[in-house]
Amino acid sequence: NINWNYRIMRIVLFCENKYAIDILYPIYQEALKSEDNQLLWYIHLPKIPVFPLQKEVTYTHSIQEVYDFSPEAIFVPGNIVPYYLPGVKVQVFHGYAAEKKDHWVIRRYFDTYFTQGPFFTKKFKELAVKYGDFEVVETGWPKQTHWHDFDQEREKLLREHGKKQIVLYAPTFSPSLTSLPALKEALLHLVKMRDIVLLLKFHPLTRKEWIDEYKQLAEQEEHIVWVDGFNVTKYQLMSDVMISDTSSTVYEFLLLGRPVITYRTIAKDIYWTDITDVTQLMEAFERAQYNEEDIAKRRWIVDNYDPYLDGKVCRRMLDAVADYIHRHGVPEKRKLNLWRKYTSIKKFGRIKKR
């Protein structure tokens, strides 16, 4: 447990991909509580052509500007951050998808890993011993901080539709893993047969033809609602049940203690209800909510994947960075092999050093 009162810092919130914005925003909000903190968002223009927070925060598309800012801490949900930038490079992760191999790949870009819960901490501490060049601190995950922010919007939506429950359909975009081609008719049948509003929230990389097809479905069916925006967390918090496939959002929803149904997930360890045929969706909808075995599995996920529901995740993260700097100072850069250096430069370019 870290009780170090965090120091005033120059902080960079590093967004290579759009999903990073939603993850880093709670850290930004916590850091703002100290007015003397200096905060800069890096937005990677090739992948984020439109930045939703551009009128609200200080940001740059320039790695040179990030370097000149001389950060003391860089928070990164992605897999890579330029090795030549100063500051403690912190891996905060982009989800809980432990079944995806790259979740456990150590690329040597980070000084410390802030893990979500005991399941992840154990493995990364083993890897820290093996590699010897990073630390591990269990903090919880920043997206798990705003449980009741959208309660009023949820109730308003239910009143407008005259329904009792909200179901979120949030599939992955990967053509080999997505349930999009298979589940359309089954979802429509579920809406007609159960007292629900169905929200459609798709990954921004989803194929345009699938987006168009489901948008048309939402236009035709009164109780199916297409939702835009980068913040999937909002719609998770509003929903009672989630339907998906092999997506890291499954774990985020389970950590709310709420039921999930997946279609042909590739996960090896399944702590929710998985179906292999579209005709099973209706039965799965009932079982996922009321089956005691499924409820017990959800409790295990909460206890082991991310038990930090106290709203203090981001404070712990800022304290942990301050503690790292207190013990080690601010790193000038990371030592990497030539391949990792090349990969970093290829993606983000070079900078002019002071």
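Note that the coordinates shown come from a computational prediction; the quantities given were computed from them, not determined experimentally.
- Counted by atom type alone, Ser62 and Thr60 present zero donor-acceptor pairs between their side chains at under 3.5 Å.
- Of the possible polar contacts, one joining the Thr343 side chain to the Trp339 backbone as a donor-acceptor pair under 3.5 Å is found.
- The list of salt bridge (charged side-chain N to carboxylate O under 4.0 Å, His left out) pairs with a residue in residues 76-85, not counting sequence neighbours, is empty.
- Remark: the Thr172 side chain and the Ser174 side chain contain no N/O donor-acceptor pair separated by less than 3.5 Å.
- In this structure, Tyr59 has its ring center no closer than 6.0 Å to that of Tyr42.
- Judged by distance alone, the side chain of Asp245 and the main-chain N or O of Ser179 form a donor-acceptor pair under 3.5 Å.
- Proximity of Ser244 to Thr249: side-chain heavy atoms (C-beta onward) are separated by under 4.5 Å at one or more points.
- More than 12 heavy atoms of other shown residues, nucleotides or ligands fall within 6.0 angstrom of atom CZ in Arg107.
- Contact record, His223 with Ile196: CB-O, 3.9 Å, taken as the closest heavy-atom pair.
- Going from atom CG of Leu255 over to atom CD of Gln236 covers 9.5 Å, rounded to the nearest 0.5 Å.
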Handout entry: Test side chain to side chain contact (heavy atoms under 4.5 Å, CB included) applied to Val66 and Phe69, step by step
Key = CA-CA 5 Å; Val66 175; Phe69 180 70; 5.5 Å; no
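- In this structure, Tyr83 has its ring center at least 6.0 angstrom away from the ring center of Tyr109.
- Side-chain atoms of Asp274 and Thr262 include a donor-acceptor pair closer than 3.5 Å.
- Between the Arg154 side chain and the Leu237 main chain, no donor and acceptor come within less than 3.5 Å of each other.
- Side chains of Tyr308 and Glu138: a donor on one and an acceptor on the other come within 3.5 Å.
- Although no hydrogens or angles enter the test, the distance criterion places a donor-acceptor pair under 3.5 Å between the side chain of Gln280 and the main chain of Asp277.
- In this structure, Tyr84 has its ring center at least 6.0 angstrom away from the ring center of Tyr67.
- Contact check on Asp294 versus Arg298 returns no salt bridge, with no Lys/Arg side-chain nitrogen under 4.0 Å from an Asp/Glu carboxylate oxygen.
- Between Glu126 and Lys122 there is a salt bridge, since a side-chain N of the basic residue sits under 4.0 Å from a carboxylate O of the acidic one.
- Remark: Leu198 CG to Glu221 CD distance equals 9.0 Å, nearest 0.5 Å.
- The distance from the OG atom of Ser247 to the NE2 atom of His203 is 7.5 Å, given to the nearest 0.5 Å.
- Donor-acceptor pairing under 3.5 Å is recorded for the side chains of Asp22 and Thr233.
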Exercise for the section: Determine, stepwise, if the pair Tyr324 / Val137 fulfils side chain to side chain contact (heavy atoms under 4.5 Å, CB included). Expected result: CA-CA 10 Å; Tyr324 186 99; Val137 182; over 6 Å; no
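- In this structure, Arg334 CZ and Arg108 CZ are separated by 7.5 Å, a value rounded to the nearest 0.5 Å.
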Report, one line per pair, each donor and acceptor closer than 3.5 Å where one atom sits in a side chain of residues 86-95; sequence neighbours left out.
from: Lys89; atom 1: NZ; to: Leu85; atom 2: O; distance (Å): 2.4
from: Lys89; atom 1: NZ; to: Gly87; atom 2: O; distance (Å): 3.4
from: Gln91; atom 1: OE1; to: Phe93; atom 2: N; distance (Å): 2.7
from: Gln91; atom 1: NE2; to: Gly78; atom 2: O; distance (Å): 2.8
from: His94; atom 1: ND1; to: Pro77; atom 2: O; distance (Å): 3.0

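- How far CD of Glu135 is from CZ of Phe110: 15.0 Å, rounded to the nearest 0.5 Å.
- The CD1 atom of Ile23 sits 4.5 Å away from atom CH2 of Trp141, with the distance rounded to the nearest 0.5 Å.
- Aromatic rings of Phe75 and Phe14 (six-membered ring for Trp) have centroids beyond the 6.0 Å cut-off, not under it.
- Panel note: side chain Arg258, backbone Val241; no donor-acceptor pair is recorded below 3.5 Å.
- A salt bridge is absent between Asp303 and Arg299; no separation between the charged side-chain nitrogens and carboxylate oxygens falls under 4.0 Å.
- For the 3.5 Å distance criterion, the side chains of His161 and Glu222 fail to qualify, holding no donor opposite an acceptor.
- Side-chain polar atoms of Tyr25 and Glu30 form no donor-acceptor pair below 3.5 angstrom.
- If you check the side chains of Ser34 and Asp36, you find no donor sitting under 3.5 Å from an acceptor.
- With contacts defined as side-chain heavy-atom distances shorter than 4.5 Å, the pair Asp310/Arg315 does not qualify.
- In this structure a side-chain-to-backbone donor-acceptor pair under 3.5 Å is missing from Asp306 to Gly117.
- Leu205 belongs to a hydrophobic cluster whose remaining members, ordered by chain and number, are Phe173; membership requires side-chain heavy atoms of ILVMFWY residues under 4.5 Å apart, directly or through intermediates.
- For the residue pair Gln64/Asp68, the side-chain donor-acceptor check at 3.5 Å is satisfied.
- Side-chain contact between Leu180 and Phe202 is present, with heavy atoms from C-beta onward closer than 4.5 Å.
- Between Glu283 and Arg287, none of the side-chain N atoms (NZ, or NE/NH1/NH2) sits under 4.0 Å from a carboxylate O, so this pair counts as no salt bridge.
- Surrounding NZ of Lys47 are more than 12 heavy atoms belonging to other residues, nucleotides or ligands, all under 6.0 Å away.
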